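All ligand and atom numbering here is 1-based and tracks the order in the structure. Not measured: the values here are computed from a predicted model.
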Amino acid sequence: MKMRIGKVERLILNKLENSKLHFVLIDPDDVPPKTAGRLAALCEETGVDAIMVGGSTGAEGEVLDSVVKAIKEASGLPVILFPGSHGGISKYADAIFFMSLLNSRNPFFITGAQALGAFTVKRYGLEPIPMAYIVVEPGETVGWVGDAKPIPRHKPKLAAAYALAGQYLGMRLVYLEAGSGAPEPVPPKMVKVVKAAIDVPLIVGGGIRRGEQARKLIEAGADIIVTGTAIEKSSSLDEARKKLEEINRAIKSVCP
Ligand SMILES: CC(C)=CCC/C(C)=C/CC/C(C)=C/CC/C(C)=C/COP(=O)(O)OP(=O)(O)O
Ligand SMILES: O=P(O)(O)OC[C@@H](O)CO
Ligand SMILES: [Mg+2]
């Protein structure tokens, strides 16, 4: 049997040779297809590297499909599913973060949803990208829904231990999540300690609203920054453009 790295993962790895990356999360529960398409086009224009689609609640079925389709029609960016369960799978996407919430108390979020979704991913020909998902305080909706035991903000070594365990289990990405809409992002000190422990790329998301925060996280060792709320909640497309430009500039200003 030959295990192959897929197209989207290869693209991410190639891009990481030259710069740090910015992914934007669109939640189909909050953003209708037309707006999702407009935001995706804006993301492409301003230099965002990929679009993630998902949500803890309600991002399933027709609602999910129509948002993924609208994004694919409006932009050439890779669309990566960010599922809250096996319900969050759409055949119109390019890839899926095949994630395990390593610090959940509930086996459903560690291996259960994955088993229930595995054959759907295969049938749709989606590219699975194995990812260790670690929820840090406060964790917000995903911490509650995913029944996480959130990593205390002042215990970076605990996060590093989960991250390294994820790598040793074969996961090719690590995602540190403070929770969508968190008042503060994951502490840069924690990012630094996690990065020093692992060899796979590190994604950081949750509560990142300003370029300055993104820059500090990148300087601490993040490879990919995820923003959702900051873009989603912009009052107009013009505001969203300014936000995207501010955060992209901050991310790309740090040399790899
Ligand atoms: C790989 C497969 C098939 C399933 C994985 C299932 C797992 C492990 C999910 C982890 C737990 C979970 C509920 C993740 C959801 C992550 C996500 C899409 C967060 C987006 O933000 P929201 O939590 O929707 O925030 P708001 O409600 O504030 O928008
Ligand atoms: O909405 P925000 O706070 O940007 O968080 C994005 C992402 O990390 C959620 O999974
Ligand atoms: Mg949501």
Side-chain angles (χ1 to χ4, degrees), residues 22-31 36 39 48 50-60 63-64 67-68 80-90 93 95-124 126-136 138-150 166 171 173-186 191 202-211 213-214 217 222 224-234 240 243-244 247:
H22 182 195
F23 291 0
V24 168
L25 172 67
I26 295 182
D27 186 342
D29 201 26
D30 304 322
V31 183
L39 283 177
V48 167
I51 305 283
M52 288 159 52
V53 182
S56 299
T57 53
E60 299 188 9
V63 175
L64 173 64
V67 163
V68 174
I80 307 170
L81 297 169
F82 189 47
S85 74
H86 56 292
I89 305 175
S90 167
I96 176 167
F97 281 144
F98 208 83
M99 59 216 242
S100 173
L101 207 182
L102 292 183
N103 59 325
S104 177
R105 298 178 172 95
N106 182 342
F108 176 79
F109 293 102
I110 306 171
T111 54
Q114 296 74 5
L116 295 179
F119 276 112
T120 310
V121 168
K122 191 179 173 80
R123 189 165 64 248
Y124 290 167
L126 286 167
E127 175 186 336
I129 306 178
M131 180 167 89
Y133 190 48
I134 301 162
V135 171
V136 176
E140 302 295 323
T141 309
V142 61
W144 192 89
V145 173
D147 206 356
K149 193 162 76 171
M171 292 154 186
L173 291 174
V174 168
Y175 190 131
L176 282 183
E177 171 74 274
S180 182
E184 291 295 327
V186 171
V191 171
L202 177 59
I203 307 182
V204 179
I208 303 167
R209 296 173 180 81
R210 288 177 281 110
Q213 292 171 316
L217 292 164
I224 301 171
I225 293 290
V226 177
T227 61
T229 308
I231 314 301
E232 240 175 58
K233 295 275 185 291
S234 296
K243 222 355 116 188
L244 286 167
I247 295 173

For Gly206, take its heavy atoms, then give the atoms of ligand 2 lying under 4.0 Å from any of them. 3 (O), 5 (O), 6 (C), 7 (C), 8 (O)
Given Gly112, Gly206, Ser180, Pro28, identify the one with the heavy atom nearest to atom 28 (O) of ligand 1. Ser180
Is there a donor-acceptor pair closer than 3.5 Å between any side-chain N or O of Arg105 and the backbone N or O of Asn103? no
Check each atom of ligand 2 against the heavy atoms of Gly205 and keep those under 4.0 Å away; list them by number with element. 8 (O)
The side chain to side chain contact (heavy atoms under 4.5 Å, CB included) partners of Ser85 (sequence neighbours excluded) come to Glu60, Phe108
Ligand-residue contact atoms, ligand 2 with Thr227, heavy atoms, under 4.0 Å: 4 (O)
Under a heavy-atom criterion of less than 4.0 Å, does Ile110 contact ligand 1? no
Considering distance alone, does some N or O of Gly228 sit under 3.5 Å from an N or O of ligand 2? yes
The reported gap from CD1 in Ile51 to CG in Leu81 (rounded to nearest 0.5 angstrom) is 12.5 Å
Which of parallel (below 30°), tilted (30 to 60°) and perpendicular (above 60°) describes Phe82 and Phe97? perpendicular
A side-chain contact here means heavy atoms from C-beta on lying under 4.5 Å apart; do Leu39 and Val24 qualify? no
Is there at least one pair of N or O atoms, one from Phe82 and one from ligand 2, spaced under 3.5 Å apart? no
Arg209 side chain vs Pro185 backbone, donor-acceptor pair below 3.5 Å: no
Mind checking whether Leu25 contacts ligand 1 via backbone (N, CA, C, O), side chain (CB onward), both or neither, at a 4.0 Å heavy-atom cut-off? side chain
Atom 7 (C) of ligand 2: which protein heavy atom is closest, and how many Å away? Tyr175 OH, 3.4 Å
Any Met171 side-chain heavy atom under 4.5 Å of Met99 side chain: no
Drop me the distance from Ile247's CD1 to Ile231's CD1, to the nearest 0.5 angstrom. 5.0 Å
Mind checking side-chain hydrogen bond (donor to acceptor under 3.5 Å, both in side chains) for Thr229 and listing every partner two or more places apart, or none if nothing turns up? Ser180
For atom 9 (C) of ligand 2, which candidate among Glu232, Met52, Lys233, Glu177 holds the nearest heavy atom? Glu177
Between the side chain of Lys243 and the main-chain N/O of Glu232, is any donor-acceptor distance below 3.5 Å? no
Just distances here: any N/O of Ser56 and N/O of ligand 1 closer than 3.5 Å? yes
Per-atom filter on ligand 2: closer than 4.0 angstrom to a heavy atom of Leu25 are 7 (C), 9 (C), 10 (O)
Only heavy atoms of Thr229, strictly under 4.0 Å: list the atoms of ligand 2 that pass. 1 (O), 2 (P), 3 (O), 4 (O)
When you measure from atom 16 (C) of ligand 1 to every protein heavy atom, which one gives the shortest distance, and what is it? Tyr133 OH, 3.6 Å
Just to confirm my output: which protein heavy-atom neighbour is closest to atom 12 (C) of ligand 1, and how far is it? Val142 CG2, 3.5 Å
Among all protein non-hydrogen atoms, which one is nearest to atom 3 (C) of ligand 1, and what is the separation to 0.1 Å? Ala113 O, 3.8 Å
Are any of the N/O atoms on Ile208, whether in the backbone or the side chain, positioned under 3.5 angstrom from an N/O atom of ligand 2? no
Heavy-atom nearest option to atom 1 (C) of ligand 1, drawn from Glu140, His86, Met99, Met52: Met99
Any nitrogen or oxygen of Ser180, main chain or side chain, under 3.5 Å from a nitrogen or oxygen of ligand 2? yes
So, regarding Gly181 and ligand 2 (criterion: nitrogen or oxygen to nitrogen or oxygen, under 3.5 Å), is there a contact or not? yes
Starting from atom 29 (O) of ligand 1, locate the nearest protein heavy atom and write down its residue, its atom name and how far away it is, to 0.1 Å. Asp27 OD2, 3.1 Å
Nearest-0.5 Å distance, CG of residue Leu101 to CD1 of residue Ile110: 7.5 Å
Answer whether the closest heavy-atom distance between the side chains of Val226 and Glu177 falls below 4.5 Å. no
Under-4.0 Å heavy-atom contact with ligand 1, by part of Val121 that carries it: neither
Interatomic spacing from CG in Asn106 to OG1 in Thr111 - rounded to 0.5 Å: 9.5 Å
Identify, by atom number and element, the atoms of ligand 1 in contact range of Gln114, meaning under 4.0 Å from any of its heavy atoms. 5 (C), 8 (C)
Tell me the protein heavy atom at minimum distance from atom 27 (O) of ligand 1, and give that distance in Å. Thr141 OG1, 3.8 Å
Pro83 touching ligand 1 at heavy-atom level, < 4.0 angstrom: yes
Ser104 side chain to Gly146 backbone, donor-acceptor under 3.5 Å: yes
How far is atom 17 (C) of ligand 1 from its nearest protein heavy atom, and which residue and atom is that? Phe82 CE2, 3.5 Å
Proximal candidate to atom 11 (C) of ligand 1 [heavy atom criterion; set Trp144, Tyr175, Phe109, Phe97]: Phe109
Looking at OG1 of Thr227 and CZ of Arg210, how far apart are the two atoms once the value is rounded to the nearest 0.5 Å? 13.5 Å
